[in-house]
Asker: 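Attaching a single structure in structure tokens format; questions to follow.
Numbers here simply count residues along the sequence, with the first being 1. On a predicted model such as this, the values are computed, not experimentally measured, just so you know. Side-chain atoms are counted along with the backbone in the values below, which use heavy atoms only and exclude waters and symmetry mates.
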Amino acid sequence: MSTVSDLIARSHRLGSDPRNTNYGGGNTSAKGRATDPVTGEEVEVLWVKGSGGDLATLAEEGLAVLRLDRVRTLRRVYQGPEHEDEMVAALDYCSFAPRTAAPSIDTFMHALVDARHVDHLHPDSGIAFATAADGEELTRRAFGDRVVWVPWRRPGIQLGIDIATIREKNPQAVGCILGGHGISAWGDTSEEAEQNSLWIIRTAQEYLDAHGRSDPFGAAVAENAPLPRDERRQKAARLAATIRGIASHDHPVVGHFDDSDVVLDFLASEKAPALVELGTSCPDHFLRTKIKPLLLDVPADASVEHSIARLRELHEQYRADYTAYYRRHATPDSPALRGADPAIVLVPGVGMFSYGATKQTARVAGEYYINAINVMRGAESVSTYRPIEEAEKFRIEYWALEEAKLRRLPKPKSHATRIALVTGAASGIGKAIAKRLAADGACVVVADLDPAKAEAAAAEIGDTDVAVGLAVDVRDSAAIAALVRDAVLAFGGIDIVVNNAGVSLARSLLETTEDDWDLQHDIMSKGSFLVSKATAPVLIEQGLGGDVIYIASKNAVFAGPNNIAYSATKADQAHQVRLLAVELGEHGIKVNGINPDGVVRGSGIFAGGWGANRAKTYGVPEEKLGEFYAQRTILKREVLPEHVANAVSVITGPDLTHTTGLHIPVDAGVAAAFLR
């Protein structure tokens, strides 16, 4: 159907350019005729982007499809603003087809406007007009009578009526500026609506460029100037665990860090503190960024220790302020307070930390605050930034319809909001663990000696909102420090550490050289120690508990032939589990081990010569080694990397919260390796 395909294509074009709208923001629609499957008659239908979708990736199943006559009938039964929510709920009875997307609260501005195609967008340039103190006058100057000002009104049927009335009274108009919110545009064809939207966005930006002051945020503050890149990223990494702990006081969250010029320049300006306090305006913005960020008020070159102490003080004040805001406006029918922690934390000279239930929502929250910075810049350049009133923000944030949308979200997976760092994760057991934890909802750092392989393995797992590949030599403490820094900057912190990196040279005592011994102990014994030591401060500072996992071996217990260096280092790892379980337990950090055996298929160690050596030792063909190992077990089953990953998933999941110091055998049953 060309109407739908044209709508989706237009949505993709508009949504793919951040100058037009933010991720997940805005909606588009088209009206046309379709055959009623019950009566066989042609009826007018509205196709509109459904609740929670994104224009850039909109698919047909993301559209709400409604009988236009039934939606418009609701205008006749509407009894006033106090009945807004009833009208939105009534949209469920206007559906044209089953199993379509849920209609959003903006549906009425599309249905009631007498135009076949309507766009509602959140461009920074348009919202700058919408949040300017004299936005109505600026709209008249910039657009003449082709764009009409609409005073702030919460989205719903009354706003749809307001816009429809403006369209009727101003036939020359191609759109409107929605006070405190965004823009709307329309057209008789899909192309005309799109061109009108782009014209409004472009004209608004051209007006700001031509008439705006060059220093809308005032003079630069020297003590808040951006630190040199390496210095600020080092400082960001050292602050990350504390700030994530602050943002996770009520609910665990994942983080994102941004030190782009737009953020750093804003934080270095004299107006930044006052503008931060005013918060954001567009509903899409403050629903994701909270009513306002937390701003660290110490100089950029303040010590990490001083910065952390002040952040903790400011967090207590933020929680008190947010709770007071909730109590000022909550009614007996309001949803419960969802959490009083900041979603955005700003550190002058360093950058912006943003948080959410997933890496994507954390990243998008940061993108929204950058949108807000751009909006404030535009409004301050030609006027004064004036967001909507606090009471109106509360009505949006704690709207029953917003609460219903949150409840429609799928149940979080077992490892949601958790961040895992897995060493030796580009292949074999490590890769299987990384894949499983990502499938369980965790963000994963794939760490490996070979950076190209690490990046390839991460890309196979998912995009950078799910997994990142980083290089590390676990024998090198400086390399591990860099790994930890990059990991916390990627996802905000670390919750699960899997010491999996390993190597094996299977030789008898007389054949084992000092170099053989040192290599294996450096990678596994020393490497595990160094990784645990470097990550433990992050786990402790976050205050969220955590898990440290050692992938040891059946050989940590079983005295097999011709394997002294490997088995000895695995025994070392096994005892590190016990020692660290005792030491880290007071911080809520669990330390456990996995003892695999006979993992031949997919194993990097076996592919590197270990398999040939063990096959020779046991007198079987190398290709039959997996079968040989299986037959010597109690269960007669071959062990695969995925079986080890299953054990890691269980021991780090929500069901074994009281288990530490344990070694789980994943060997299909080797009686000689039973723990005693």
Side-chain angles (χ1 to χ4, degrees), residues 422-433 448-449 473-475 498-532 549-579 592-620 622 625-626 628-630 632-633 638-641 643-644 647-648 663-668 670-675:
V422 186
T423 64
S427 63
I429 291 172
K431 185 175 181 181
I433 293 169
D448 203 271
L449 184 62
D473 183 342
V474 297
R475 300 168 295 182
V498 182
N499 282 307
N500 171 74
V503 67
S504 179
L505 302 172
R507 293 169 184 158
S508 68
L509 170 64
L510 298 182
E511 294 174 322
T512 300
T513 67
E514 186 176 345
D515 287 343
D516 295 338
W517 179 274
D518 288 344
L519 176 65
Q520 293 179 87
H521 278 73
D522 282 351
I523 292 174
M524 291 179 285
S525 300
K526 178 183 174 183
S528 296
F529 156 72
L530 291 175
V531 170
S532 296
I549 303 296
Y550 280 68
I551 306 302
S553 170
K554 171 266 294 179
N555 290 315
V557 180
F558 174 73
N562 301 329
N563 204 11
I564 183 170
Y566 179 82
S567 296
T569 197
K570 286 301 180 182
D572 183 313
Q573 286 186 307
H575 201 49
Q576 285 188 41
V577 167
R578 302 180 186 98
L579 295 167
N592 292 290
I594 311 293
N595 287 351
D597 183 50
V599 184
V600 177
R601 282 194 277 169
S603 168
I605 287 178
F606 275 85
W610 169 269
N613 181 284
R614 302 320 287 167
K616 180 180 178 182
T617 297
Y618 294 117
V620 298
E622 184 176 357
L625 187 59
F628 169 81
Y629 281 138
R632 72 179 188 178
T633 68
E638 185 176 356
V639 180
L640 302 176
H643 300 138
V644 183
V648 174
H663 278 279
I664 301 177
V666 184
D667 57 11
V670 177
F674 285 176
L675 295 174

Asker: Pairing donors with acceptors under 3.5 angstrom, does anything connect the side chains of Gln573 and Ser528?
Answerer: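 Their side chains do contain a donor-acceptor pair, which is all the 3.5 Å distance test asks for.
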Asker: List for me each residue that meets side-chain hydrogen bond (donor to acceptor under 3.5 Å, both in side chains) alongside Asp522, sequence neighbours excluded, and say none if there are none.
Answerer: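 Per chain and number, Asp522 pairs via side-chain hydrogen bond (donor to acceptor under 3.5 Å, both in side chains) with no residue.
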Asker: Who pairs with Leu519 by side-chain contact (heavy atoms from CB on, under 4.5 Å), at least two apart in sequence or on another chain?
Answerer: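 Once residues adjacent in sequence are excluded, the partners of Leu519 under the side-chain contact (heavy atoms from CB on, under 4.5 Å) criterion are Arg475, Val503, Leu505, Ile523.
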Asker: Please answer whether the main-chain N or O of Val474 pairs with a side-chain N or O of Lys526 as donor and acceptor at a distance below 3.5 Å.
Answerer: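 Flag not set: sc Lys526 to bb Val474 has no pair under 3.5 Å.
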Asker: Between Asn592 and Ile664, does a side chain to side chain contact (heavy atoms under 4.5 Å, CB included) hold up when you go through it step by step?
Answerer: CA-CA 8 Å; Asn592 292 290; Ile664 301 177; 6.0 Å; no
Asker: Looking at residues at least two apart in the chain, or sitting in another chain, which of them share a side-chain hydrogen bond (donor to acceptor under 3.5 Å, both in side chains) with Gln576?
Answerer: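 side-chain hydrogen bond (donor to acceptor under 3.5 Å, both in side chains) check on Gln576 returns Tyr550, Asp572.
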Asker: Take Tyr629 and Asp667, measure what side chain to side chain contact (heavy atoms under 4.5 Å, CB included) needs, and give me the verdict at the end.
Answerer: CA-CA 9 Å; Tyr629 281 138; Asp667 57 11; over 6 Å; no
Asker: Short question: side chain of Ser532, backbone of Phe529 - any donor-acceptor pair under 3.5 Å?
Answerer: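 Flag not set: sc Ser532 to bb Phe529 has no pair under 3.5 Å.
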Asker: Is there a side-chain contact between Val666 and Val599 in this structure, where contact means two heavy atoms from C-beta onward sitting under 4.5 Å apart?
Answerer: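 SC-SC contact between Val666 and Val599 ruled out.
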Asker: Who passes side-chain hydrogen bond (donor to acceptor under 3.5 Å, both in side chains) against Thr423, sequence neighbours left out?
Answerer: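 Residues passing side-chain hydrogen bond (donor to acceptor under 3.5 Å, both in side chains) with Thr423: none at all.
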Asker: Under the salt bridge (charged side-chain N to carboxylate O under 4.0 Å, His left out) rule, collect the residues that match up with Lys554, sequence neighbours excluded.
Answerer: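 Scan of Lys554 (salt bridge (charged side-chain N to carboxylate O under 4.0 Å, His left out), adjacent residues dropped) gives Asp597.
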Asker: Would you please test Ile433 and Ile549 for side chain to side chain contact (heavy atoms under 4.5 Å, CB included) and show each step?
Answerer: CA-CA 11 Å; Ile433 293 169; Ile549 303 296; over 6 Å; no
Asker: Does His663 use its side chain to pair, donor to acceptor, with the backbone of Leu675 at less than 3.5 Å?
Answerer: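 Absent.
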Asker: Taking only residues two or more places apart in sequence or in another chain, which ones pass side-chain hydrogen bond (donor to acceptor under 3.5 Å, both in side chains) with Thr512?
Answerer: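 Checked Thr512 against side-chain hydrogen bond (donor to acceptor under 3.5 Å, both in side chains); zero matches.
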